[in-house]
Amino acid sequence: MPELPEVETIARGLANAIVGKTVASVEIRLPKMAVAPPGVDFARELPGERVVGVGRRGKYVITRLSSGRSLVTSLRMTGRLVVQRPGEGEYKGTHVVFHYTDGTRLSFADLRTFGRTRLVEPDEPWDGSLGIEPLSSGFTPEGFIGMLSGRTTPIKVFLLDQQRIAGIGNIYACEALWDAGIKPGKPAKALSKPAVRRLHRAIVDVLQRAIGMRGTSVDDYVDAEGLRGGFQNVLAVYGKHGQPCPRCGTSIVRTVIAQRGTWWCRSCQR
DNA sequence: CTGAGATCCTGGGGGC
DNA sequence: TGCCCCCAGGATCTCA
């Protein structure tokens, strides 16, 4: 499931691969996957648009177009954005295909069809409810302490709330909490200031390390070139039910918090 | 404001 | 071997 590091890796790959290309046509096989403002025909409006940049906000890939419009793509759990050359085979569950004038294509595939790509007008404030970027300079330890104060919600639920911090999903929430030695179910307001500082550092550190390894492929995540990431090889707790904690050797447990699988060490996460 | 629960999907795992 | 059941999981919506 693509989270911030995976989406960052995809966006960087796309920036290398499709900036400067011009859309020739768009094939929409599953209409719900391609969303446009009322009265705008997605497939009809895009031909002729040139890709001028690709970036990321939270878990969204943002493709900026020459008209000033953007394509905002959410991959959810099983979405893939892969650049393909003429003749390359299709991914299963390919629902939207952007064909460029040079013959290459960008395939948006998603087995579970939860993903969406949305055409956004130049001034449309699409990300108003998204929280702070955890790798931005605005995300500070002191600011994080303020965000958590008074909140009774479990710290893990807080980390997953995209309206607070944008981009953290289940994998990196589990890994950061393990790194900081914090119990996932602990109420946010009950964390000591040193614990919040450790968690702040752990979040930034785990996200940066994961970007360095081009993301985590536990399921079917691949980057814009169709390649798997490497961070699944260094995970400490995520999906490690019954295996020894890398820090203390205690068996990792799996519990459920807010309907989500949660892996952690009962011994060194307090 | 806050939180709980439903919803959307399909592949894969468990049970038998 | 095969069939059925159930479940993961991010974002969004409704409801309390």
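Values in this document were obtained by computation on a predicted structure and should not be read as measured data. A, B, ... follow the sequence lines: proteins, then strands. Residue 1 opens every chain.
- Residue Asp110(A) is out of contact with every strand shown, counting any heavy-atom pair closer than 4.0 Å.
- We find that NZ of Lys92(A) is positioned 10 Å from P of dT10(B), with the value rounded to whole Å.
- Salt-bridge check for Asp102(A) with Lys21(A): passed, with a basic side-chain N closer than 4.0 Å to an acidic carboxylate O.
- Using a 4.0 Å heavy-atom cutoff across all strands shown, Arg164(A) reaches sugar-phosphate atoms only and no base atom.
- For dA11(C), one of the phosphate oxygens OP1 or OP2 lies less than 4.0 angstrom from a side-chain nitrogen or oxygen of Lys59(A).
- Among the heavy atoms of the strands, none lies under 4.0 Å from Tyr172(A).
- With rounding to whole Å, Gln259(A) atom CD is found 9 Å from dA8(C) atom P.
- At whole-Å resolution of the value, CG in Leu4(A) and P in dG10(C) are 14 Å apart.
- When the C1' atom of dG9(C) is taken as reference, atom CD of Glu3(A) falls 11 Å away, rounded to whole Å.
- The side chain of Leu111(A) lies closest to dG11(B), out of dG11(B), dG3(B), dA8(C).
- Residue Gly169(A) is out of contact with every strand shown, counting any heavy-atom pair closer than 4.0 Å.
- Put simply, CZ on Arg116(A) is 8 Å from C1' on dC8(B), counting in whole angstrom units.
- Between Lys189(A) atom NZ and dG3(B) atom P the separation is 11 Å, expressed in whole Å.
- Phosphate proximity of dA8(C) to Tyr238(A): absent, as no side-chain N or O sits under 4.0 Å from OP1 or OP2.
- You'll find that the side chain of Arg151(A) is closest to dT2(B), out of dG9(C), dA11(C), dT2(B).
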Please determine whether ring pair (Phe, Tyr, Trp, His ring centres under 6.0 Å) holds for the pair Tyr238(A) and Trp178(A), giving the CA-CA distance in whole Å, both sets of side-chain angles, and the decisive distance to 0.1 Å.
CA-CA 9 Å; Tyr238(A) 182 82; Trp178(A) 175 82; over 10 Å; no
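- Side-chain atoms of Lys32(A) lie closest to dC9(B) of the nucleotides dC9(B), dG5(B), dG9(C).
- No N or O donor and acceptor, one from the side chain of Arg76(A) and one from the base of dG9(C), sit under 3.5 Å apart.
- Using a 4.0 Å cut-off, some side-chain N or O of Thr152(A) falls inside it from OP1 or OP2 of dG3(B).
- With hydrogens and angles ignored, a donor-acceptor pair closer than 3.5 Å exists between the side chain of Arg260(A) and the base of dG10(C).
- Across dG3(B), dA8(C), dA11(C), the shortest atom-to-atom separation from the side chain of Arg254(A) is found for dA8(C).
- Side-chain atoms of Arg112(A) lie closest to dA8(C) of the nucleotides dG3(B), dA8(C), dG5(B).
- Residue contacts shown for Tyr60(A) are limited to sugar-phosphate atoms, with no base heavy atom under 4.0 Å away.
- For Thr78(A) and Asp110(A), the side-chain atoms include at least one donor-acceptor pair closer than 3.5 Å.
- No side-chain donor from either of Gln232(A) and Tyr221(A) sits under 3.5 Å from a side-chain acceptor of the other.
- In this structure, Leu30(A) places its CG atom 11 Å from C1' of dC9(B), rounding to the nearest Å.
- Here Leu207(A) contributes atom CG and Glu133(A) contributes atom CD; the two are 10.0 Å apart, rounded to the nearest 0.5 Å.
- Nucleotide dA11(C) holds its P atom 11 Å from the CH2 atom of Trp126(A), rounded to whole Å.
- Aromatic ring orientation, Trp126(A) versus Tyr60(A): perpendicular (interplanar angle above 60°, classes split at 30° and 60°).
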